[in-house]
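Worksheet for the structure shown next.
Basis for what follows: all heavy atoms, side chains included, without hydrogens, waters or symmetry-related copies. Convention: sequence-line order gives letters A, B, ...; per-chain numbering from 1.
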Amino acid sequence: MESVADVLVKKVKEKVAKLTVGAPEDDCDITPVVSESSANFIEGLVKDAKEKGATFCQEYKRDGNLIWPLLLDNVRPDMRIAWEEPFGPVLPVIRINSIEEGIHHCNASNFGLQGCVFTKDVNKAKLISDAMETGTVQINSAPARGPDHFPFQGLKDSGIGSQGVTNSINMMTKIKSTVINLPTPSYTPCSREMQAMNPLLNPAQQLPLQDLQSTARQQIQNPHFDPTASHDDFLEQMLSPLSSCSWSDLKSPWDPPKSDETGPPNVGFHYDEVLASKLRQHQINGGDGGGVSSPATAAIKMMAQQQMMLPGRGVAGMPLSLGSSGAAGSHHQNDIIYGSSFKSPNQQGGEGSMQSLYNGFSDGSLPGTNQTQHFQHPQAPNFGATAGTVMNQSQASGSMTPAQPKQRVRARRGQATDPHSIAERLRRERIAERMKALQELVPNANKTDKASMLDEIIDYVKFLQLQVKVLSMSRLGGAAAVAPLVAEMPSEGGGDCANGGGSIHRNSNGNQTSADNDSVTVTEHQVAKLMEEDMGSAMQYLQGKGLCLMPISLATAISTATCHSRNPNKGGGSHPLLQSNGEGPSSPSMSVLSVQSATRGNGGLDGSVKDAASVSKP
Amino acid sequence: MNKYNPPRMNPSSLRSRFATRFLRTLSKINAQKPTSSSSPTEIFRRYRRIKAAADKSMAYSVRSRRTWSRAMLWKLRTRPCGRRSVKTSTIIKSREARKTRHEKQNKNTTTTTTTTTGEDGVVFGVEADELRELVPGGEAMDLYNLLDETAHYIKCLTTQVQVMKKIADFYSP
């Protein structure tokens, strides 16, 4: 150990001698400590070490807050510097005779943030670092913060908590749970089917197949049914397998039925279809009908739920299959057995089994008897998870709250049914309708995005209003009259296309500062000249000045159209403006003015308030 | 087609109504101001008058069936008396007075524009306001009616532009 210490001290001494000391702006290695009290503290430590006989490898030197680097050798545990961190350029060297001594000294401190081990032997490194009571152990490195995804924390007195990406977040967050207790349970598949079971139970079993079908169809025409598309879809989907007798998709989640199940499963299958349809009617009619007490009704519905889940399953096959399909709780096994026995066309037995079923259920701590849907709640998720095709459809057909006494709008899949959502949806549809109508009016409007569509509409309205203005302007004739208008545009800030170079009506009121006129004059002449000669180039010129506002589609249409137009008419300044190709509303001749200016709203009407007398135009 | 045809398609169509009214107004204006002065002031005043005439004719053609036409007429009516507003017919005036009263009531009682909510709410906020500025009477409408009015307004504006263009073509040498 001594040899290591000597070599180490020698090497460190050499390195210390090479350190530069000074101000930070000189890029020195050693710079002043943070405050005078800190420097004083360091000095106290050094003096204490000196008194107790440490070896000073350098001279202790201090200048204000600047302390020269100092290596202290042969530091003993009774010196303060062995325990208190200087926060300055002072390095104590404690010579130990064994690893245990070192570990002991390390752990004896009240602090434990970082520790380092320098060794070539990896086993020793691990053993030592395991023994050290610190937050982090750096092997072959100085104490450091990081890597960042490691927690940075200390033991004992070294701080509270932990730093590091996840650690910091977790330290600063506290989990808060919010439990929403609805007044009634939200829709679950079993609840609705169960309600419908009751009236169907007694008569349905005795009916032959055809009658079942017909009743189901009658149910469809029943005015109680909500004649929405989703409803019809659901019934059609329900009944189509009925007619085509395609079993496979319905039985897909489970094993194919055994051969002896062809008889009863047929009945059961249609039975389930009828159940579903009747269920919906029952749902709409609301409440429990029939002469069965409600607990029994609930029980029946539970069974029907189970039955519906396994259409085509034979009597024997049901208990096991349901049990394996994830029904929770041991009492379900009892239920299934009752259910299967109930399935046989025996009403009396059914009644008795209902009672026993109810008893079985009540053992399972069911909530209450008045509301079937509450009843269904504990078991509902299990059934929902294992629903077959029929169940999926019934789930999909609506998000209705169960047992609504009055007629409700049957919602489509994934849509809410409360009045606010309906109203909102309606409103959106109407607006979409209107947007489509507008889309037809505005030329070259093929945008699908609503925002850009509105922008197009706005631009088009502005364009049309501008056309009106220009046309009314042109009544008076003369490019001289128009040019001032045109030339006003550039002065108003050509960069901002959206608000353009100012509106015509503003110019017509002519509150111009003299400064504007100078800059305007040149442009005005140029534009006027261009207008007389060629509309297209005039437009390009103005476009170049950044005054184009029209939607790109319109602009292109105009630019192509202006190629045709040209009868350069010297005297008739109105001509370039009014040159029409005899074609539709998009007038290329209007293009120049319409291109540049932005009409601010109902400019014509607002601007009329101002007196036009103050127009000053050179 | 390059031939100029006076609008004769349908005597009661919007186009013909507007055209007749506007032509009447225009002739009145021309009668009032025989000389076209060169001062910009006069020019602009005339321009303003003509434009107002055009707007008013259009609004009258639509009567008060539409909110925007009512609003436009109201605005034209309530301009300061210093300006000479062109009237096309005195018969309409009484009807107009009734309408403006109604319009004023509308404007006073309606509150600020409703913010569009729902998934389109954020999208339509700015553009809808801009559109409201453009379409006369738009401040008092919700988005649905605003779009409705805009559609009709666009249609009328295109008609107006067409007729005015044809007139200008006809009159320019």
Practice item. Starting from the C-alpha separation in whole Å, work towards a yes-or-no answer on salt bridge (charged side-chain N to carboxylate O under 4.0 Å, His left out) for B:E130 and A:K462. Key: CA-CA 10 Å; B:E130 240 187 294; A:K462 285 186 194 164; 3.1 Å; yes
Practice item. Any chance you could measure B:L147, atom CG, to A:K436, atom NZ, to the nearest 0.5 Å? Key: 13.0 Å
**Study point:** Test log, rule side-chain contact (heavy atoms from CB on, under 4.5 Å), inputs B:L157 and A:F463
**Key:** CA-CA 10 Å; B:L157 274 181; A:F463 171 65; over 6 Å; no
Check your understanding: Once you round to the nearest 0.5 Å, how far does CG of A:L464 lie from CD of B:Q162?
Key -> 10.0 Å
Exercise for review: With rounding to the nearest 0.5 Å, note down the distance linking CG in A:L438 to CG in B:L146.
Suggested key: 9.0 Å
Check your understanding: How far does NZ of B:K165 sit from CD of A:Q467, to the nearest 0.5 angstrom?
Key -> 5.5 Å
Practice item. Could you tell me the separation between the CD1 atom of B:I154 and the CD atom of A:E440, rounded to the nearest 0.5 Å? Key: 12.0 Å
**Study point:** Under-4.0 Å salt bridge between B:E149 and A:R434
**Key:** no
Check your understanding: How far apart are the closest heavy atoms of A:I457 and B:T150, and which atoms are they?
Key -> CG2-CG2, 3.6 Å
